[in-house]
Number of protein chains: 2
Amino acid sequence: MSQDLAAGDALAAGDAPAAGDAPARRGRPRSEKAHQAIMSAAAELLLERGLAAVSMDAIAERAKVSKATIYRWWPTKESLALDALYHEWSDVPEPADTGTLRGDLLSMLLPWARLAARRPYGRVVSALLTQAQTEPEFAAEYHTRFIGPRREQARAVFDRAVARGEIPPGTDIDVALDLIYGPVYHRLLHGHAPLTDQFVRDVIDMALRGIATPGPVRAAAGRPA
Amino acid sequence: MSQDLAAGDALAAGDAPAAGDAPARRGRPRSEKAHQAIMSAAAELLLERGLAAVSMDAIAERAKVSKATIYRWWPTKESLALDALYHEWSDVPEPADTGTLRGDLLSMLLPWARLAARRPYGRVVSALLTQAQTEPEFAAEYHTRFIGPRREQARAVFDRAVARGEIPPGTDIDVALDLIYGPVYHRLLHGHAPLTDQFVRDVIDMALRGIATPGPVRAAAGRPA
DNA sequence: ATATAAAAACTGACCGTCTAGTTTTGTACA
DNA sequence: TGTACAAAACTAGACGGTCAGTTTTTATAT
């Protein structure tokens, strides 16, 4: 470390070529044990208290790690939370190829919904969402790691259904995806009603009827031009 | 305005020694001008920066009001944000009675979606959601003032549709509501795609086909009554 | 001796409280 | 109608405490 700036008499303009960079550290602690400890501590505390109520000191203490070690690898508390949640959800399996759209969707959504319903994940997800809406960089990472892959999986499932002739070829897949995921996230985030297996099934059934049924809308009375 | 805030009437009846009293200050500044100024300043800053990045000092400064005045009437920053958002959204009209379920839903959702799409309301909503998931008291107020009334309105709309025979009588209205609101909130909160008029229309059309179509689910495997 | 990490001190921002002094408002009396 | 008085609402600003994120110092392992 160069201490030459300590005196401060001169401006030390010479350190312009300080290519040292390292503004965005990325990676994980050298020791896999430390990495596990940090991930677990962060996930536990996040679920216990919510992002806002968890301090970095608390995470460092529970992980038996120095706060500086955390900051060495994660630039902010939010990015740590993102990794911790990702770590927690890495168990969720790939969608199965059951032969029907309904079966494929159930195989994707049920395990995830059960996991999400069992513990207060909605709290963490909404906190990350809030952060994503303010920090474009964070939003990009959130979408790249969480939303994007899951949406691509689901899109493939729908593509198969189109190929099988289960749903019309002209279907707007983006709307269809939101029609399925929207209600599930709605319950997860708003908590006005429980996120049960039955609800997931009902949503899939109703949404699929709406998606698969071709033709114009019934009862389009009073529809403006 | 002489006695609207006096507790006189209720007090006379031998009210329980709920002497605890006054932990939650409720009301608004005496001066309507100050109230407006605080609401506007809070709403502006909230939309500009998001809840977490707005300090009470900043709100007080922009409203040209002392911070103590704000704390006199609002216990926390979050409750102030709740009121500010409510104030902003008070313009959204009642649902019209157009004679069709589709028309009624459009009259409810389109104005609101346009308002929400015009400015970053999703940021504020998600912050309030996060707070609601951690503070039960806050959650109660959030649901009482935002979710509840809107859901009751929508429920009435669906009840009319059942009465008209537009949708089957046994329809689970709670699921139907989530099928409509879920996708709209999904786009508002996740921002993966724009919340356009066309999207709202598509969601309503698809969801209504799914809701209105009677009969069993295609390929219904083991669905209980 | 060199790299790594723990420990701990430090900076700066901000929440929510509090004090002390000023203005507004309501009331009562002349 | 005007004046005196009290209660409540307001202002300005300081303060204690918490916490994010940084930097310095000390210990450990290779």
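Lettering of chains follows the sequences in order, A, B, ..., and the numbering in each one begins at 1.
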| said: Can you say whether a donor on the side chain of A:Lys67 sits under 3.5 Å from an acceptor on the base of D:dG21, or the other way round? | reply: yes

Tell me: [atom1] of [X] to [atom2] of [N], nearest whole Å?
X: B:His35; N: D:dA9; atom1: NE2; atom2: C1'; result: 15 Å
X: A:Trp74; N: D:dT22; atom1: CH2; atom2: C1'; result: 18 Å
X: A:Arg72; N: C:dT4; atom1: CZ; atom2: P; result: 7 Å
X: A:Tyr71; N: D:dT22; atom1: OH; atom2: C1'; result: 9 Å
X: B:Leu80; N: C:dG16; atom1: CG; atom2: P; result: 11 Å

| Side-chain N or O of B:Trp73 less than 4.0 angstrom from OP1 or OP2 on D:dC10? | yes

| query | Is A:Ser55 near enough to D:dT18 that one of its side-chain N or O atoms lies under 4.0 angstrom from OP1 or OP2? | reply | no

| field | Taking every non-hydrogen atom, the tightest pair across B:Leu110 and B:Arg201 | value | CD1-NH1, 3.9 Å

| said: Check whether A:Gln133 reaches the backbone of B:Leu189 with its side chain - one donor and one acceptor, N or O, closer than 3.5 Å. | reply: yes

| said: Looking only at the side chains, is there a donor atom on one of A:Ser126 and B:Ser126 sitting less than 3.5 Å from an acceptor on the other? | reply: no

| note | Closest to the 5' end of DNA chain C, once B:Ala68 and B:Lys77 are matched to their nearest nucleotides, is B:Lys77

| Those residues that, when tested against A:Asp197, pass salt bridge (charged side-chain N to carboxylate O under 4.0 Å, His left out) (two or more places apart) | A:Arg114

| field | Set of side-chain hydrogen bond (donor to acceptor under 3.5 Å, both in side chains) partners for B:Glu135, sequence neighbours left out | value | none

| query | Within a radius of less than 6.0 Å around CD of A:Glu48, do more than 12 heavy atoms belonging to other residues, nucleotides or ligands occur? | reply | yes

| query | So which of residues 56-64 of chain A are in contact with DNA chain C, with a heavy-atom cut-off of under 4.0 Å? | reply | none

